[in-house]
Amino acid sequence: MFDNSIIMRLNQQFYNQPTVKVAKALLGKFLVHKVNGKILVGKIIETEAYVGPKDLASHASRGKTKRTEIMFGEAGYWYVYLIYGMYYCLNIVTEHKNYPAAVLIRKVEPVSGLKEKIKTDGPGKLCRAFIIDKNLNGMSSFEKKSKLWIEDRGEIIKPDKIKKAPRVGVDYAGEYKNKLWRFKLSDEEIELIKR
DNA sequence: CAAGAGATCATCT
DNA sequence: GATGATCTCTTGA
């Protein structure tokens, strides 16, 4: 069988761009996870950018550690970590090597492969729904062998459909807490997706 | 409705 | 020993 998903899969070059640009460009793209013989698909509708060593909201602002070293690496690798003892968060590393940055996938709209009632409208919830855990930390998203990736199905999102907001849960981040580095599709646009 | 607290543990100090 | 890029449930108006 010919596998279309390989053609549409975003390549490493896509992620090796300014993080804010990548965060916006990911809206309207499709998160795909091949797991347990199933293919789970969701359309990305909200992201957050974590940019560079000075961003106090970013784990990388406290220097390179065993946990954050993946953020200092090359673009296009998954950064998955456990938060509050019970939830995983999914990020994709951006920009060049030795510059720590990543995009957090905050919300997706279920497309296929997911059970009816399961929610995907939050970082922890979507990881639960997509069966994402620490095993995926450090894996690449752009290689043919990877089971978790993001693909472009040719849809164009107009810039005026993207809303900006401060990031969630980062009150401790000083001046960085007010940065408008959270991006989401407008409510009207999300309604259209649900049809 | 909104606000508050509890769950629960890897990571860092 | 403290804390967090979250979520769910309970409480109370």
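Quick caveat, the model's predicted, so the values are computed rather than measured. Below, read A as the first sequence line, B as the second, and so on, with proteins coming before strands; counting in each chain starts at 1.
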Hey, does A:R62 reach any base, or is it just sugar-phosphate, or nothing, if we go heavy atoms under 4.0 Å? nothing
Under 4.0 Å between a side-chain N or O of A:K134 and OP1 or OP2 of B:dC9? no
At what distance, to the nearest 0.5 angstrom, does CZ of A:R106 lie from SG of A:C89? 8.0 Å
Using only heavy-atom distances, determine whether the side chains of A:T68 and A:R62 contain a donor-acceptor pair under 3.5 Å. no
For the pair made of NE2 in A:H59 and P in B:dT13, what is the distance, rounded to whole Å? 12 Å
Under the side chain to side chain contact (heavy atoms under 4.5 Å, CB included) criterion, do A:L136 and A:K147 qualify, and how do the steps go? CA-CA 9 Å; A:L136 288 157; A:K147 300 226 183 306; 5.6 Å; no
What's the closest nucleotide to the side chain of A:P123 if the choices are B:dA7, C:dC7, C:dG4? C:dC7
Starting at atom CD of A:E46, determine the distance to atom P of C:dT6, rounded to an integer number of angstrom. 11 Å
Backbone N/O of A:F14 and side chain of A:Q17: donor-acceptor pair under 3.5 Å: yes
Does NZ or CZ of A:R167 come closer than 6.0 Å to the centre of the six-membered ring of A:Y50, within 45° of the ring's axis? yes
Quick one, which residues of residues 163-171 of chain A touch DNA chain C with a heavy atom under 4.0 Å? A:V168, A:G169, A:V170
Check the distance between B:dC12's C1' and A:K64's NZ and give it to me in whole angstrom. 17 Å
Just to be sure I understand the rule, does A:G85 reach a base, reach only the sugar-phosphate, or reach nothing, if contact means heavy atoms closer than 4.0 Å? base
Measure the distance from CZ on A:R67 to P on B:dT11 and round it to the nearest whole Å. 7 Å
Would you please classify the geometry between the A:Y79 ring and the A:H59 ring as parallel, tilted or perpendicular, with 30° and 60° separating the classes? perpendicular
Is the distance from the ring center of A:Y77 to that of A:F142 below 6.0 Å? yes
Start with the C-alpha gap between A:L31 and A:V41, add the side-chain angles, then the distance that decides, and say whether side chain to side chain contact (heavy atoms under 4.5 Å, CB included) holds. CA-CA 6 Å; A:L31 179 68; A:V41 185; over 6 Å; no
Euclidean distance, atom NZ of residue A:K107 to atom C1' of C:dC7 [Å, nearest integer]: 13 Å
Could you tell me how far apart A:I83 (CD1) and C:dA2 (P) are, to the nearest whole angstrom? 18 Å
Which of the following nucleotides, B:dA10, C:dC7, B:dC12, is nearest to the side chain of A:L82? B:dA10
Quick one: pull up OG1 in A:T47 and CG in A:L90 and give me the separation to the nearest 0.5 Å. 12.0 Å
Would you classify A:R182 as touching base, sugar-phosphate or nothing, given that sugar-phosphate means primed atoms plus P, OP1 and OP2, and contacts are heavy atoms under 4.0 Å? nothing
Could you state the atom-to-atom distance from CG of A:D133 to C1' of B:dC9 in whole Å? 15 Å
Take N1-N3 plus N6-O4 or O6-N4 for Watson-Crick, N1-O2 plus O6-N3 for G-U, both under 3.5 Å. Which runs of 3 or more such pairs involve DNA chain C? B:1-7 with C:6-12, B:9-12 with C:1-4
note: A:I118, atom CD1; C:dT8, atom P; distance rounded to Å ~ 10 Å
Which of A:K43, A:K161, A:K29 passes salt bridge (Lys or Arg N to Asp or Glu O under 4.0 Å) with A:E155? Answer is A:K43
Residue-phosphate contact under 4.0 Å: A:K125 side-chain N/O, C:dT8 OP1/OP2: yes
